[in-house]
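A short write-up of the structure that comes next.
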Amino acid sequence: MPIDARAPYDDSNVFARILRGEIPCRKVYEDAHALAFHDINPQAPDHILVIPKGAYVSWDDFSERGSEAEMAGFVRAVGQVARDAGLVEPGYRLLANVGVNGHQEVPHLHVHIFGGRPLGPMLAR
Ligand code: AMP
């Protein structure tokens, strides 16, 4: 079920548990501000999720409450992960679902990186 982008942070969400090391992930990158890992149900040949280490529900929450250092670190991490995956030259797509209409399911901010094939139009027509 999609979540409310303005809900209080729920410490038991699956990405919080990954950050605490309680459940495994296929990690591709980690630094002080961000963790990146393969999506468990990939929608493209390359499908990586990048999450901030801080407790932020959504892009809305992060852009309002995140520190300058957290935001800069997170944006740089997304770019670094895509470069490391060799996605810049062929191209890739970033996606952040927010709230109910965005169909966000995990209530910890995550940016999807999709690549590995031509991705077609932005939304289903
Ligand atoms: P969203 O609809 O933007 O909230 O997307 C949530 C994404 O998290 C989906 O693409 C799921 O496949 C992915 N996901 C859920 N649980 C895990 C997990 N344990 N490890 C990796 N990806 C996950």
Side-chain angles (χ1 to χ4, degrees):
M1 282 293 288
I3 62 99
D4 176 357
R6 302 287 291 185
Y9 188 79
D10 173 5
D11 222 29
S12 68
N13 79 76
V14 65
F15 295 167
R17 297 183 64 204
I18 286 174
L19 282 168
R20 289 195 297 268
E22 294 169 7
I23 58 175
C25 71
R26 289 176 56 213
K27 180 165 81 175
V28 297
Y29 179 88
E30 182 170 16
D31 66 18
H33 294 295
L35 176 70
F37 49 90
H38 291 282
D39 195 290
I40 204 167
N41 183 24
Q43 305 296 312
D46 297 301
H47 186 174
I48 299 169
L49 301 174
V50 190
I51 67 175
K53 288 194 166 174
Y56 298 101
V57 174
S58 65
W59 187 271
D60 177 72
D61 188 22
F62 188 56
S63 60
E64 189 169 67
R65 294 195 303 110
S67 71
E68 307 300 310
E70 285 175 307
M71 287 193 274
F74 182 66
V75 170
R76 287 198 188 280
V78 172
Q80 187 66 52
V81 169
R83 281 191 291 279
D84 291 349
L87 295 176
V88 176
E89 188 273 323
Y92 61 97
R93 178 169 294 158
L94 300 180
L95 177 70
N97 295 320
V98 182
V100 174
N101 277 5
H103 211 276
Q104 180 180 356
E105 294 193 296
V106 177
H108 181 112
L109 170 62
H110 47 287
V111 167
H112 297 256
I113 301 177
F114 299 104
R117 65 167 167 80
L119 294 162
M122 187 168 63
L123 294 172
R125 300 227 165 113

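Below, each value reflects all heavy atoms present in this structure, side chains not excepted, and no hydrogens, waters or symmetry copies. Numbering of ligands and ligand atoms starts at 1, following listing order.
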When you group the ILVMFWY residues by side-chain heavy-atom contacts below 4.5 Å and let the links chain together, are Tyr56 and Val106 in the same group?
no
Got an N/O contact under 3.5 Å between Gln104 and ligand 1?
no
Where Gly116 and Leu87 come nearest, the two heavy atoms and their spacing:
N-CD2, 4.1 Å
Atoms of ligand 1 under 4.0 Å from any heavy atom of Asn41, numbered from 1 in the order shown, are 12 (O)
Could you tell me, atom by atom, which parts of ligand 1 come under 4.0 Å of a heavy atom of Phe37?
21 (C)
Taking 4.0 Å as the limit for heavy-atom contacts, which would you say applies to Leu95 with ligand 1: side chain only, backbone only, both, or neither?
neither
Taking every non-hydrogen atom, the tightest pair across Ser58 and Gln104:
CB-OE1, 3.7 Å
Near His110, which atoms of ligand 1 are under 4.0 Å from a heavy atom of that residue?
1 (P), 3 (O), 4 (O), 5 (O), 6 (C)
Parallel, tilted or perpendicular: rings of Phe62 and Trp59 (30°, 60°)
perpendicular
Taking atom 7 (C) of ligand 1 as the reference point, the nearest protein heavy atom with its distance:
Asp39 OD2, 3.5 Å
At a 4.0 Å threshold, what atoms of ligand 1 neighbour a non-hydrogen atom of Glu105?
1 (P), 2 (O), 4 (O)
Checking contacts here: is it the side chain or the backbone of His38 that comes within 4.0 Å of ligand 1, counting heavy atoms only? Could be both or neither.
backbone
Plane angle bin for Phe15 and Phe37 - parallel if under 30°, tilted between 30 and 60°, otherwise perpendicular
perpendicular
Lys53 and Glu70 ion-paired at < 4.0 Å
no
Against heavy atoms of Val106, which atoms of ligand 1 measure under 4.0 Å?
4 (O), 6 (C)
Proximal atoms of ligand 1 relative to Phe15 (non-hydrogen, under 4.0 Å)
8 (O), 17 (C), 23 (C)
Output the list of atoms in ligand 1 that are nearer than 4.0 Å to some heavy atom of Leu49, sorted by atom number.
8 (O), 13 (C), 22 (N)
Taking the six-membered ring where the residue is Trp, are the ring centres of His110 and His108 under 6.0 Å apart?
no
Check Asn97 against ligand 1 and report side chain, backbone, both or neither, counting heavy atoms closer than 4.0 Å.
side chain
So which protein heavy atom does atom 19 (N) of ligand 1 come closest to, and at what separation?
Val14 CG2, 3.6 Å
Can any side-chain N or O of Gln43 pair as donor or acceptor with the backbone N or O of Asn41 at less than 3.5 Å?
yes
Less than 4.0 Å is my threshold; does some heavy atom of Arg26 fall inside it relative to ligand 1?
no
Close approach, Gln43 and ligand 1, non-hydrogen under 4.0 angstrom
no
For His103, counting its heavy atoms only, list the atoms of ligand 1 lying under 4.0 Å from any of them.
2 (O)
May I ask you to check whether His112 has an N/O atom sitting below 3.5 Å from an N/O atom of ligand 1?
yes
Identify the two heavy atoms, one from Val81 and one from Ala36, that lie closest to each other, and give their separation to 0.1 Å.
CG2-CB, 3.6 Å
Atom 23 (C) of ligand 1: which of Ile40, Ile23, Asn13 has the nearest heavy atom?
Ile40
